[in-house]
There are 2 protein chains.
Amino acid sequence: MLTPEVAAPPPLHPQRDELELPAVLHALSDPVRLRIIADLASGEERSCKSFDLPVVKSTCTYHFRVLRESGVIRQRLEGTTRLNSLRREDLDARFPGLLDAVLGCPVS
Amino acid sequence: MLTPEVAAPPPLHPQRDELELPAVLHALSDPVRLRIIADLASGEERSCKSFDLPVVKSTCTYHFRVLRESGVIRQRLEGTTRLNSLRREDLDARFPGLLDAVLGCPVS
DNA sequence: GCAAATGTTCGATGACCGTCGTACAATGAG
DNA sequence: CTCATTGTACGACGGTCATCGAACATTTGC
């Protein structure tokens with residue numbers, strides 16, 4: 001009880017003008033995370049569970065956190081699930097064309 | 001003398017259709033390497049030494065190797081120097097718009 | 001031939017990455 | 001209340017990253 005957090009700390013989401021290119025590119029440089037953002041490209045909100053990823057739960061948490069903390073996705077709490085969506089407007093504003101270019105690339 | 005390499009192995013350059021998106025994005029996710037490709041964006045060939053990078057020689061070699069092996073740059077031997085250039089046509093062909101998007105991003 | 005210039009290679013090092021499993025927390029259903 | 005669902009937190013782990021310094025290689029110029 002040395003750090004008596006009153007409630008769960010809200011997930012960190014960098015502001016639009018705080019997005020950093022190296023961090024965003026690093027977030028996009030992993031195949032699992034590329035698959036996540038490809039699935040989010042339609043614009044819909046998706047729970048973590050709705051993705052069929054080749055890793056266990058805790059690893060999913062890790063990948064979604066990397067995407068969120070770099071500013072690529074947004075996470076919103078809804079009951080017991082976490083709804084994920086692409087921060088397309090913020091990305092387009094700060095790094096014009098980048099997201100579309102990545103989403104348009106061949107998967108393999 | 002267990003592996004009698006007859007001559008220096010030629011630097012590895014992946015073919016255009018071998019370029020992989022995660023590797024390219026990873027290569028571009030480092031500030032030093034972003035600086036290198038920004039300097040190469042003009043299209044000219046530059047020796048490694050002509051870049052004013054905040055790291056020592058051997059680290060430069062490392063960064064140029066990451067860029068070359070991911071297919072972002074080309075290295076050509078010319079006397080005692082190594083001339084570096086962007087593989088813009090290959091990148092544009094395989095990942096349309098990606099390089100321009102990255103080069104157009106704010107540095108910080 | 002010798003020395004300078006330009007890079008590479010190699011080993012070391014500390015930090016970070018991606019993965020897992022277990023335990024935990026919060027919400028919703030019965 | 002109890003339990004299932006959904007996700008986070010934490011610790012461990014092997015591997016990779018970015019960095020350095022020292023030694024080496026290759027070409028050019030004197």
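First the proteins, then the strands, lettered A, B, ... as listed; each starts at 1.
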Open item on the list: Just the rounded figure in Å: distance from C1' of D:dT27 to CG of B:Leu77.
Closed with: 11 Å
Task: Integer-rounded Å distance: D:dT26 P and B:Arg76 CZ - done: 20 Å
Task: Which nucleotide in D:dT6, C:dG7, C:dC20 has an atom nearest any side-chain atom of A:Val56 - done: C:dC20
Open item on the list: Please report the distance, rounded to the nearest Å, between CG in A:Leu12 and P in D:dA9.
Closed with: 12 Å
- [ ] Find the distance B:His63:NE2 to C:dT8:C1' and express it as a whole number of Å.
- [x] 15 Å
- [ ] Determine the contact category for B:Thr81: base if any of its heavy atoms lies under 4.0 Å from a base atom, sugar-phosphate if only primed atoms, P, OP1 or OP2 are that close, otherwise nothing.
- [x] sugar-phosphate
Task: B:Leu25 with A:Leu19, same ILVMFWY side-chain cluster at under 4.5 Å - done: yes
Open item on the list: Can you work out whether A:Glu78 or A:Thr59 has the more 5'-proximal nearest nucleotide on DNA chain C?
Closed with: A:Thr59
TODO: State which of C:dT19, D:dT19, D:dG7 makes the closest approach to the side chain of B:Val32.
DONE: D:dT19
Open item on the list: Test of understanding: clusters of I, L, V, M, F, W, Y form through side-chain heavy atoms closer than 4.5 Å, transitively. Do B:Phe51 and B:Leu83 belong to the same one?
Closed with: no
Task: Nearest-Å distance for atom pair CG/P, residues B:Leu83 and C:dT6 - done: 12 Å
Task: Under-3.5 Å donor-acceptor pair between A:Thr80 side chain and D:dT5 base - done: yes
Open item on the list: If you assign each of A:Val55 and B:Gln75 to its closest nucleotide in DNA chain C, which residue comes earlier from the 5' end?
Closed with: B:Gln75
Open item on the list: Please determine whether a side-chain nitrogen or oxygen atom of B:Thr61 lies at a distance below 4.0 Å from atom OP1 or OP2 of C:dT8.
Closed with: yes
Open item on the list: What verdict does the side chain to side chain donor-acceptor pair (under 3.5 Å) test give for A:Gln75 and A:Arg68, after you've listed the backbone C-alpha separation in whole Å, the side-chain angles of each residue and the deciding distance to 0.1 Å?
Closed with: CA-CA 7 Å; A:Gln75 283 189 307; A:Arg68 171 172 45 76; 2.6 Å; yes
- [ ] Using whole Å, report how far CG of B:Leu53 lies from P of D:dC20.
- [x] 11 Å
TODO: For each nucleotide in nucleotides 11-17 of chain C, reading 5' to 3', give B when a protein heavy atom comes within less than 4.0 Å of its base, S when such contact involves only the sugar-phosphate, and - otherwise.
DONE: ------S
Open item on the list: Taking the basic N atoms (NZ, or NE/NH1/NH2) and the acidic carboxylate oxygens, is any pair closer than 4.0 Å for B:Glu89 and B:Arg87?
Closed with: no
Open item on the list: Between C1' on D:dG7 and CZ on A:Arg46, what's the gap in Å once rounded to a whole number?
Closed with: 16 Å
Open item on the list: At 4.0 Å (heavy atoms only), tell me whether B:Lys49 reaches a base, stays on the sugar-phosphate, or touches nothing.
Closed with: sugar-phosphate
Open item on the list: Check this for me, if you would: do A:Arg16 and A:Glu18 make a salt bridge, where the nitrogen-to-carboxylate-oxygen distance has to be below 4.0 angstrom?
Closed with: no
Task: C:dC10 OP1/OP2 closer than 4.0 Å to side-chain N/O of B:Ser58 - done: no
Open item on the list: Looking at B:Asp100 and B:Arg88, is any side-chain nitrogen of the basic one under 4.0 Å from a carboxylate oxygen of the acidic one?
Closed with: yes
TODO: In whole angstrom, give the distance that lies between atom CD of A:Glu69 and atom C1' of D:dA9.
DONE: 13 Å
TODO: Tell me, yes or no, whether the heavy-atom count around B:Glu20 atom CD, taken from other residues, nucleotides or ligands under 6.0 Å, exceeds 12.
DONE: no
